[in-house]
Amino acid sequence: MGRFYITTPIYYANDAPHVGSAYTTVNADALARWHRLAGDDVKFMTGTDEHGQKMADAAEKNGKSPAEWTDLMSERFREAWSALNISYDDFIRTTEPRHYETVQKFLSVIYENGYIYKDVYKGLYCVSCEDYYTLEASDNGSCPIHHRVLTEMEEENWFFQLSAFEDRLIEFYDTHPGFVTPETKRNEAYSFMKGGLKDISITRTSITWGVPVPWDERHVFYVWYDALINYLTVIGYGRDDEEVARWWPHSNHLIGKEILRFHCVWWPAMCMAAGLEPVHHVHVNGWLLVGGEKLGKTMAAEGGVKVSDIEPIALSQEFGVDPLRYYLLRETALGNDGEFSLEGIAARYNTDLANNLGNLVARVAAVVSSKCAGVGPLPQSDSTLRAVAEATTAKAAEAWENFAPQRALEVTFDLVGATNAYLETHAPWKMEPGSAVDAVMGDALEAIRLVTILISPAMPSVAEEIWRRIGLRGAPDSGPFGAVATWGLYPGGPVEKGASLFPRITSEL
RNA sequence: GGCGGCGUAGCUCAGGUGGUCAGAGCACACGGCUCAUAAUCGUGUUGUCGCGGGUUCGAGUCCCGCCGCCGCUACCA
């Protein structure tokens, strides 16, 4: 029995959760569910990032205190994840006392180790944005948004000596080839480091909504240096050494590609500075694109998909929670960018779920009803389906282990297809009731039982429903996988016909 | 500007180190079946692998140039 600690990023709670966040979160959830099914000891966390100037501004604009405001915003994420059946073990908010404690301890260690020093940050500042720009990012010295001339500003900050870790980071990458996956993303981070690392300022005096710097209370930590540390907060860094040792550093961060640098360069360097071994695995996923463009852009475009149409909760209401989860997991390889569209969801729904899986369950239930008096017979040990089923369970397990839900589901549905073909070959509906029919239907039910186990990380509710309909007790995800995903365990039982699991979508979208 | 990536059937995409690599799914066509959600099963069509050169006995697969799209270029997260 292994251990599996997986995290999503903590999402900046200045807006409602969108499909991009849902995409990462659903994938993390399915991976967590897979590992629970496999019998591993699992910890799965997500949460919200609630500090920073933007949050304070938004609160003020809405006539609330930052604390009141973030309570409201954070709740929207918990609602969305609840709607998507996300099985997190912990939901961290960066405004919690436990987080303040861990952040202050962690950064104090780095400070005591001599990697944090005071210096003056000079930059081009836009008064309207209340933010700094590099010369390259500016519009010839003017603010790209407000078009007013940027002013040279100086601010006294505490700096993290990132430059001191260049060699150690490169060595870490060289000795941990699986640190960042997929490999293309690893190369991106690697070449960035090879280009040289500069120190970075990690505190602000202009902001008060943040974690105070323990050795200099006029400063608060700049949001990233507070946010990254959440991964340690939830395992008790600074409060529970045993728990930290239990989950770290053999942990997994699932992140979107836009925050690659923070997780793949800054974060391991901070861990090193604190004398902590960096996390062993960061998996970087791509973006969901709409019409080939980033979500935000398209939503603003005329005639594009409306924001309200692609909010996770709205989508789950339109298509169902499990179909939405299935689409997010199945459509795109975790690591690549992928196309997101309502038509795509409907296509997956109809072809995979309604036509293949749902229809398979329906036709089997119908034949068992008419030819087996509604009682599912036992499978045969020498069924020709057995080889397919065993290959499927092996390949699917391997894919789940390798952070490839898309592949896992693809091969799982190969077994669905093989079972449909098996029924065609034997045509039990043409037979008289008896042992020949029983043999075929027992095999089909056993294949369905295995499929149900295999889809449970992706579609937990549907899996439960099918499990129940074919007369099984317990739950499809109780595992351990190695023991239950073995051909021949279907014990027979009453098979219920029931309504369509996935009524076909026929209306225009 | 610099660094990196992408451009393969109508659609979405696979294709380590060059030689059944021209593929999968969807869509489409034809045939079978009628237990099932007009679902299913079988068979099949579709491509100058962005363009132009080059290396090689042989190149989506290596090199050069070009066109188009995209990401990163450090303190919004």
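All heavy atoms count here, side chains included; hydrogens, waters and symmetry mates do not.
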Under-3.5 Å N/O pairs linking protein and nucleotides 7-18 of chain B:
residue, atom, partner, partner atom, Å
B:A14, OP1, A:Asn336, ND2, 3.0

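- Of the candidates B:U37, B:A74, B:C76, B:C76 carries the atom nearest the A:Lys54 side chain, counting heavy atoms from C-beta on.
- Listed nucleotides B:U34, B:A74, B:U37 differ in distance to A:Ser500; the shortest reach to its side chain belongs to B:U37.
- Evaluation of the side chain to side chain contact (heavy atoms under 4.5 Å, CB included) rule for A:Asp337 yields A:Lys257, A:Trp287, A:Leu289 as partners, not counting sequence neighbours.
- Across the strands present, B:G18 finds no partner; the criterion is a Watson-Crick or G-U wobble pair with both atom distances under 3.5 angstrom.
- Put simply, A:Tyr222 has a side-chain N or O that comes within less than 4.0 Å of OP1 or OP2 on B:A77.
- Under the side chain to side chain donor-acceptor pair (under 3.5 Å) criterion, A:Tyr173 pairs with no residue, sequence neighbours left out.
- Rounded to a whole angstrom, the distance from the C1' atom of B:C49 to that of B:U61 is 10 Å.
- Checked against a 6.0 Å centroid threshold, the rings of A:Phe179 and A:Tyr190 do not count as neighbours.
- A salt bridge does not link A:Glu188 with A:Lys185: every distance from a Lys NZ or Arg NE/NH1/NH2 to an Asp or Glu carboxylate oxygen is 4.0 Å or more.
- Every side chain to side chain donor-acceptor pair (under 3.5 Å) that A:Tyr231 has, sequence neighbours left out, goes to A:His263.
- Less than 6.0 angstrom separates the ring centroid of A:Tyr225 from the ring centroid of A:Trp266.
- Summary of the strand contacts: A:Asn359 and A:Gly417 both lie near RNA chain B, and taking for each the nucleotide with the nearest heavy atom, the more 5' one is attributed to A:Asn359.
- Among the nucleotides B:C76, B:U37, B:C75, the one closest to the side chain of A:Arg504 is B:U37.
- Salt-bridge check for A:Glu398 with A:Lys395: failed, with every basic side-chain N at 4.0 Å or more from each acidic carboxylate O.
- Among the nucleotides B:C75, B:U40, B:C76, the one closest to any side-chain atom of A:Asn420 is B:U40.
- Of all nucleotides listed (B:A36, B:U34, B:U40), B:U40 comes nearest to the side chain of A:Asn355.
- Pairing partner, B:G31: B:C41, with both Watson-Crick or wobble hydrogen-bond distances short of 3.5 Å.
- For A:Ala421, taking side-chain heavy atoms from C-beta onward, the closest of the listed nucleotides B:C75, B:C35, B:C41 is B:C41.
- Across all strands shown, nothing is found opposite B:C75 as a Watson-Crick or G-U wobble partner with both distances under 3.5 Å.
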Identify each atom pair where a protein N or O and an N or O of nucleotides 30-32 of chain B are less than 3.5 Å apart, giving names and distance.
residue, atom, partner, partner atom, Å
B:G32, N2, A:Glu424, OE1, 3.0

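- For B:G23, the paired nucleotide is B:C13, the pair qualifying as Watson-Crick or G-U wobble because both relevant distances are below 3.5 Å.
- With a 3.5 Å ceiling on both atom-pair distances, the Watson-Crick or G-U wobble partner of B:C66 is B:G50.
- Evaluation of the side chain to side chain donor-acceptor pair (under 3.5 Å) rule for A:Gln161 yields no partner, not counting sequence neighbours.
- Between A:Tyr327 and A:Phe340, the ring center distance clears the sub-6.0 Å criterion.
- Heavy atoms of other residues, nucleotides or ligands lying less than 6.0 angstrom from CD of A:Glu60 number 12 at most.
- Below the 3.5 angstrom threshold, one finds no donor paired with an acceptor across the side chain of A:Arg261 and the base of B:C75.
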